[in-house]
Asks: 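Below you'll find the structure I mean.
We use all heavy atoms of the structure for the numbers below, so side chains are in, but hydrogens, waters and symmetry mates are not. Not measured: the values here are computed from a predicted model.
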Amino acid sequence: MDKVIKTWIVGHKVSKQNTSGDYDLVFGETEAGVPGPPPLFHKGYHESFVITEGEMDFIVNGELRRVRQGESVDLPPNTTHTFKNSGDKTCRWVNVHSPKGFGAFFDKYGISEEEADAKSRSVSPEIIQDLLANAAGFDMHIVAEKKTQV
């Protein structure tokens, strides 16, 4: 069995699992108040989240949905989504991408939890800018947020 390395990815602690099937599997933890990515969609990936502890707010195609322990979210290709832990406790979750390939994102941007300041480094302006510039290469297509005129 391969050793699983826990890493920080843009403020979330994740451990990418080694799988033999045509999917990527990640266990994750999101502390209270931590947002997910900007709204995005994948053209080629099916994605699912299962909340194993706590709760997470998801916005799926513009609709807010609070997902609690034992519930899941299924995101077919071309589904715009994002998430945030709006609660006051850490949320733990399982994430699956199919087919396999999205794990390369975790490999590129993951900072080992054993490295100094890993959590804060994972949200450094340099990493965020690199991620935004290269997101499409990981089939992460960021949707421009609509500005409301006041």
Side-chain angles (χ1 to χ4, degrees), residues 1-61 64-124 126-143:
M1 176 180 271
D2 296 330
K3 180 181 177 187
V4 174
I5 299 171
K6 290 185 179 182
T7 61
W8 284 93
I9 306 266
V10 291
H12 306 268
K13 188 187 283 188
V14 301
S15 56
K16 186 178 118 188
Q17 306 297 302
N18 298 306
T19 64
S20 61
D22 194 18
Y23 61 93
D24 291 304
L25 175 67
V26 173
F27 297 151
E29 298 177 17
T30 301
E31 295 174 353
V34 174
L40 64 92
F41 65 91
H42 308 288
K43 291 180 180 178
Y45 291 120
H46 295 262
E47 182 176 16
S48 294
F49 283 87
V50 178
I51 304 304
T52 60
E53 186 177 324
E55 59 188 32
M56 187 84 77
D57 287 337
F58 284 83
I59 298 177
V60 179
N61 288 332
L64 176 64
R65 180 175 167 205
R66 178 155 291 167
V67 182
R68 294 177 171 85
Q69 180 177 339
E71 297 177 340
S72 63
V73 173
D74 183 53
L75 304 163
N78 301 306
T79 302
T80 300
H81 61 282
T82 188
F83 55 90
K84 178 180 181 176
N85 183 351
S86 299
D88 58 2
K89 294 187 245 180
T90 296
C91 177
R92 289 180 173 75
W93 41 269
V94 176
N95 177 236
V96 177
H97 285 84
S98 177
K100 186 179 270 241
F102 193 74
F105 168 78
F106 297 108
D107 293 338
K108 171 146 175 84
Y109 292 104
I111 299 174
S112 172
E113 71 173 348
E114 297 173 0
E115 292 186 31
D117 301 319
K119 179 182 172 186
S120 61
R121 287 178 43 220
S122 78
V123 293
S124 70
E126 296 82 17
I127 286 186
I128 300 301
Q129 289 304 316
D130 186 74
L131 191 156
L132 291 172
N134 294 297
F138 296 97
D139 192 13
M140 293 175 60
H141 304 279
I142 297 172
V143 177

Asks: Which pairs, with at least one residue in residues 37-48 and sequence neighbours excluded, count as a salt bridge (Lys or Arg N to Asp or Glu O under 4.0 Å)?
Replies: none
Asks: Side chain to side chain contact (heavy atoms under 4.5 Å, CB included), that's the test. Do V73 and R65 meet it? Break it down for me.
Replies: CA-CA 9 Å; V73 173; R65 180 175 167 205; 3.9 Å; yes
Asks: Looking only at heavy atoms, what is the nearest atom pair of M56 and I51, with distance?
Replies: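 Answer, listing the atom of M56 first, then I51: CB-CD1, 4.0 Å.
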Asks: As an exercise, state the distance from CG of D57 to OG1 of T82, rounded to the nearest 0.5 Å.
Replies: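 One gets 10.5 Å once the value is rounded to the nearest 0.5 Å.
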Asks: Return the CG to CD distance between N85 and E29, rounded to the nearest 0.5 Å.
Replies: 11.0 Å
Asks: What distance do T79 atom OG1 and L40 atom CG have between them, rounded to the nearest 0.5 Å?
Replies: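 T79 atom OG1 to L40 atom CG measures 10.5 Å (nearest 0.5 Å).
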Asks: Going by the salt bridge (charged side-chain N to carboxylate O under 4.0 Å, His left out) test, name the single residue among K119, K89, R92 that passes it with E31.
Replies: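 For E31, the salt bridge (charged side-chain N to carboxylate O under 4.0 Å, His left out) test succeeds with only one of K119, K89, R92, which is K119.
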Asks: Kindly compute the distance separating CD1 (I128) from OG (S122), expressed to the nearest 0.5 Å.
Replies: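 Nearest 0.5 Å value for the CD1-OG distance: 7.5 Å.
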Asks: Could you report the tightest heavy-atom contact between L131 and Y109, atom names first, then the distance?
Replies: CA-OH, 3.4 Å
Asks: Quick check: closest heavy atoms across P77 and G44, and the distance to 0.1 Å?
Replies: CG-C, 4.4 Å
Asks: Taking the side chain from D24 and the backbone from S98, do they hold a donor-acceptor pair closer than 3.5 Å?
Replies: no
Asks: Check whether any side-chain heavy atom of I127 sits under 4.5 Å from a side-chain heavy atom of I111, and report yes or no.
Replies: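 Sidechains of I111 and I127: in contact.
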Asks: Is the backbone N or O of C91 less than 3.5 Å from a side-chain atom of T30, with the two atoms forming a donor-acceptor pair by type?
Replies: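 No.
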Asks: Say whether, by atom type as modelled, one donor and one acceptor occur between the side chain of D22 and the main chain of K100 under 3.5 angstrom.
Replies: yes
Asks: Within the side chain of S48, is there an N or O that forms a donor-acceptor pair under 3.5 Å with the backbone of D74?
Replies: no
Asks: Which heavy atom of V10 sits nearest to which heavy atom of V123, and what is that distance?
Replies: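 Looks like C-CG1, 3.4 Å.
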Asks: Atom CG of L64 and atom CD1 of I59: how far apart are they, to the nearest 0.5 Å?
Replies: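 Rounded to the nearest 0.5 Å, the CG-CD1 separation comes to 5.5 Å.
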Asks: Side chains of F105 and I9: closer than 4.5 Å at any heavy-atom pair?
Replies: yes
Asks: Let me confirm one number: the CD-CG distance from E55 to D88, rounded to the nearest 0.5 Å.
Replies: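 CG of D88 is found 8.0 Å from CD of E55.
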Asks: For residues 126-143, which residue pairs qualify under salt bridge (Lys or Arg N to Asp or Glu O under 4.0 Å), counting only residues two or more places apart or in two chains?
Replies: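 Residue pairs with at least one partner in residues 126-143: K108-D130.
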Asks: Can you check whether V26 reaches F49 side chain to side chain, under 4.5 Å on heavy atoms?
Replies: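 Not in contact.
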Asks: Indicate yes or no: at least one non-hydrogen side-chain atom of H141 is less than 4.5 angstrom from one of H42.
Replies: no
Asks: Using the test salt bridge (charged side-chain N to carboxylate O under 4.0 Å, His left out), find all partners of K13 that sit at least two apart in sequence or belong to another chain.
Replies: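 Partners of K13 by the salt bridge (charged side-chain N to carboxylate O under 4.0 Å, His left out) criterion, ordered by chain and then number, come out as E113.
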Asks: Can you run down the ring-ring contact (aromatic ring centres under 6.0 Å, His included) pairs that involve residues 3-27, sequence neighbours left out, and say none if there aren't any?
Replies: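 Residue pairs passing ring-ring contact (aromatic ring centres under 6.0 Å, His included), neighbours aside: H12-F83.
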Asks: In terms of relative ring orientation, are F106 and F102 parallel, tilted or perpendicular, with 30° and 60° separating the classes?
Replies: perpendicular
Asks: Apply side-chain contact (heavy atoms from CB on, under 4.5 Å) to P35 and list each qualifying residue two or more places apart in sequence or on a separate chain.
Replies: K84
Asks: According to side-chain contact (heavy atoms from CB on, under 4.5 Å), who are the partners of Q69, at least two apart in sequence or on a separate chain?
Replies: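 Checked Q69 against side-chain contact (heavy atoms from CB on, under 4.5 Å); zero matches.
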Asks: So, N61 side chain and T80 main chain: donor-acceptor pair closer than 3.5 Å or not?
Replies: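 Yes; at least one donor-acceptor contact below 3.5 Å.
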